[in-house]
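Below, all heavy atoms of this structure are taken into account, side chains as well, without hydrogens, waters or symmetry copies. In what follows, residues are counted from 1 in the order of the sequence shown. Keep in mind that this is a model prediction, so the values were computed, not measured. Start at 1 and go down the list; that is how both ligands and their atoms are numbered.
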Amino acid sequence: MNKGSLIVVSAPSGCGKDTIVKDVVELMKDEIHLSVSMTTREMRPGEAEGVNYFYVSVEEFKQKIESGEILEHAIYGGNYYGTPAGPVREQLESGKTVILIIEVEGGGNIKKLFPEAVKVFVIPPSFEVLEERLRGRGTDEEETIRSRLEIAKQELGRAGEYDYIIENDVLEEAVEDLISIIRAERFKTKYMINKVREVIDNA
Ligand code: 5GP
């Protein structure tokens with residue numbers, strides 16, 4: 001049993017999950033560790049190594065899988081994405097809440113490895129809004145956008161596999177919603193019982 005809780009956040013591309021999580025991390029810095037994934041995709045303008053992702057070659061990625069350094073991985077839009085195992089295990093052991101922003105396949109695999117993980121799915125207010133947001137980002141080619149919209153439809157169909165669903169209409173509200181889930185999880189008896197024992201032992 002880990003000391004910290006593990007939160008998986010998934011959403012179709014363009015739902016604003018990265019922004020929501022970034023704001024939550026900012027507000028709860030001392031309590032949260034945000035996992036930085038590894039990917040073989042190209043770095044987008046504005047992204048930085050070790051901040052958004054660790055960018056590696058396909059060969060390096062495969063080596064990391066072989067050596068057990070990747071907790072889970074998936075192929076999305078033709079690129080590999082994976083969660084580095086070490087930091088996640090260390091931060092959970094230190095009692096922090098660890099957040100993984102990963103796609104639905106990875107979410108399912110994490111639940112197999114960590115049955116106590118809490119899965120949160122972020123949805124857009126409508127498909128039209130999602131399309132507008134994806135195009136407005138201006139960072140992807142038309143073909144990439146089309147493929148992401150197609151994947152988005154399939155991903156939305158899997159929201160039922162999640163423990164919570166948050167609608168990202170007004171950002172501040174979505175941020176509050178995610179914080180509520182993280183807090184409620186942290187005060188569950190399974191995480192607090194050691195604290196109770198400490199109180200009793202020192203009585
Ligand atoms: P993007 O290229 O837009 O940054 O990410 C594409 C998709 O890959 C998103 O749904 C994102 O959440 C997911 N993703 C990012 N890192 C990981 C990871 O480590 N594992 C898995 N399974 N998916 C990831």
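- The protein non-hydrogen atom at the shortest distance from atom 3 (O) of ligand 1 is R148 NH1, 2.9 Å.
- Protein heavy atom at the shortest distance from atom 22 (N) of ligand 1 is E103 OE2, 2.7 Å.
- Nearest to atom 21 (C) of ligand 1 by heavy atom, out of L71, N79, V104, I102, is I102.
- Panel note: side chain S37, backbone Y53; no donor-acceptor pair is recorded below 3.5 Å.
- Taking each heavy atom of V88 and S35 in turn, the nearest pair found is CG2-OG, 4.1 Å.
- Ion pairing between a basic and an acidic side chain is recognised when a charged N comes within 4.0 Å of a carboxylate O; R158 and E155 show no such pairing.
- Between L34 and V21, the shortest heavy-atom contact is CD1-CG1, 3.7 Å.
- Distances between N or O atoms of R41 and those of ligand 1 include at least one value under 3.5 Å.
- Residue contacts with ligand 1 do not include E105, since none of its heavy atoms lies under 4.0 Å from the ligand.
- Ligand 1 has an N or O atom lying under 3.5 Å from an N or O atom of G82, backbone or side chain.
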Using atom types as modelled, flag every donor-acceptor pair under 3.5 Å from a side chain in residues 65-79 to any protein atom, sequence neighbours excluded.
from : atom 1 : to  : atom 2 : distance (Å)
S67  : OG     : Q63 : O      : 3.1
S67  : OG     : K64 : O      : 3.2
S67  : OG     : E69 : OE2    : 2.7
E72  : OE2    : T83 : OG1    : 2.5

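- Between the choices F54, Y81, Y53, the shortest heavy-atom distance to atom 2 (O) of ligand 1 belongs to Y81.
- Under the side-chain hydrogen bond (donor to acceptor under 3.5 Å, both in side chains) test applied with Y55, the options E60, E47, E49 reduce to a single match, E47.
- The heavy atom nearest to atom 17 (C) of ligand 1, out of those in C15, A74, S37, is found in S37.
- Among protein heavy atoms, the minimum distance from atom 20 (N) of ligand 1 is reached at E72 OE2, 2.7 Å.
- Ligand-side atoms of ligand 1 in range of R44: 1 (P), 2 (O), 3 (O), range being under 4.0 angstrom from any heavy atom.
- Ligand 1 lies within reach of K17, whose nearest heavy atom is under 4.0 Å from it.
- Between E47 and ligand 1, no pair of N/O atoms sits closer than 3.5 Å.
- Between S5 and Y191, the side chains place no donor N or O within less than 3.5 Å of an acceptor N or O (distance only, hydrogens not considered).
- Residue M192 holds its CE atom at 10.0 Å from CD of E198, rounded to the nearest 0.5 Å.
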